[in-house]
Amino acid sequence: MWLSLGFVSLLLSVVGLPQASCRPQASCQPSLPLPVREVYKFPTFPTYLEGIYARANGDLLAVTAFPDAFVYYLTGVDTDSPTVTLLQHFTEINTLTSIIETSPDVFTILGGNTSAYATAVPGTFGVWELDLRSPHHPAQAREMVRLSSGGFMTSMDMISPTNVLVADASMGLVWQVDLQSKTYELALQDPLMDSPSWAPAPVGISNIKLHHGYLYWSNAFAATFSRIPVTVDGFAAPGARGELITTVRSIFLDKFAFGGGGGGTADTVWAMTNADSRVVAIRPDGEYLTVAGQSDQMTVAGGVTGVFGRVPGDTHTFYVATGGGFNFPINGSIVEPGKIVAIDTSGFC
Ligand SMILES: *[C@@H]1O[C@H](CO)[C@@H](O)[C@H](O)[C@H]1NC(C)=O
Ligand SMILES: *[C@@H]1O[C@H](CO)[C@@H](O)[C@H](O)[C@H]1NC(C)=O
């Protein structure tokens, strides 16, 4: 499909017609790669960012998986001089993987202990709360629910302020966690969530997102993107089975976000490939293309996860958090500290 689009634009340029910039999908050819601006690079290696969240006021929170469990707060990310502060250093666990805001100023964070890359210490992962409501008291982190029979957990999405879904990458399933009763149970399990037998580490289902009645997920080492219809409580709809949307040509497919930049639709998926440092945009029909980064370039080196800006005027900006090639060095040996880059998606269509 991209080949034929390229052919159309080649024809247009040969006959000297003006290039379509952002018309409906079929006749539109985005100018790639999309512009990338470095927002902030952390000072020390390794700083491996694993989770990012955009607040309604435009500020970002980012959590790290290496070298330790840190929560950073970033303001002014749409300017040339953002301010970055260390908000919390978790001392009871060494790895944070995901952060979401479950009610105003109350953040739910996923984390646990790991002994090596993607190797969880069994039974140490849990859902934590970081309460920023009181301006007079320092942020308080407390463990809400320990998923003691779980494995390596990498992402969450919210069902309600007291209920979240948690992806378990090593067990290949999704837990439903009740923050009020402090209990958890199996919500979803599908073969498309399993880590493939050839994977060097047990990392299957990586990121989850609820979207229009479906749970979507990426499977890291299978490099697949799938979905399943779910009930409002986040369980598999009766008789539902996983549906493969696409397999990306990559050895890894990390986290993703939904969003519409420019002529994109709100159903476009923006996913990081981490191992080969690219960002791909996946259309609802499974067609995808690389929109930023390149396997031998540092532009989005080891991109892990991303989130769209939320303030008016910034909603076309896709903020990508990286690990700097920590697991998969660029050209085999080049690494850098994690960073946050802003991709301007307004030219995408
Ligand atoms: C994580 O490891 C540290 C150091 O071994 C230990 O003190 C802590 O209790 C562990 N955390 C959990 C949740 O088991
Ligand atoms: C990786 O190697 C290629 C080919 O030699 C080179 O063009 C590229 O600049 C290298 N990347 C980095 C980040 O040095």
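Read the numbers this way: they start at 1 and go in the same order the structure lists the ligands and their atoms. Keep in mind that the numbers below use all heavy atoms, side chains included, and drop hydrogens, waters and symmetry copies.
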Within less than 4.0 angstrom of ligand 1, does Arg146 place any heavy atom? yes
If hydrophobic clusters are built from ILVMFWY residues whose side chains come within less than 4.5 Å, do Val36 and Ile334 share one? no
If the cut-off is 4.0 Å to any non-hydrogen atom of Glu92, which atoms of ligand 1 fall inside it? 1 (C), 8 (C), 10 (C), 11 (N), 12 (C)
Under 4.0 Å from one or more heavy atoms of Asn113, ligand 1 contributes atoms 1 (C), 2 (O), 3 (C), 8 (C), 10 (C), 11 (N), 12 (C), 14 (O)
If you count every heavy atom of other residues, nucleotides or ligands that lies below 6.0 Å from Asp296 atom CG, does the total exceed 12? yes
Name the one of Phe308, Phe225, Phe258, Tyr319 that satisfies ring pair (Phe, Tyr, Trp, His ring centres under 6.0 Å) with Trp270? Phe308
Spacing of Phe348 atom CZ and His316 atom NE2 [to the nearest 0.5 Å]: 14.5 Å
Does the Lys NZ or Arg CZ of Lys339 fall within the cation-pi geometry relative to Phe42 - under 6.0 Å from the ring centre and within 45° of the axis? no
Ligand 2 N/O to protein N/O, distances under 3.5 Å:
| unit_1 | atom_1 | unit_2 | atom_2 | d |
| --- | --- | --- | --- | --- |
| ligand 2 | 2 (O) | Asn331 | OD1 | 3.4 |
| ligand 2 | 2 (O) | Asn331 | ND2 | 2.2 |
| ligand 2 | 11 (N) | Asp296 | O | 2.8 |
| ligand 2 | 11 (N) | Asn331 | ND2 | 3.0 |

Give a yes or no answer on whether the side chain of Thr290 reaches the backbone of Ala292 with a donor-acceptor pair at less than 3.5 Å. no
In chain order, what residues pass the salt bridge (charged side-chain N to carboxylate O under 4.0 Å, His left out) check against Arg133, with sequence neighbours excluded? Asp131
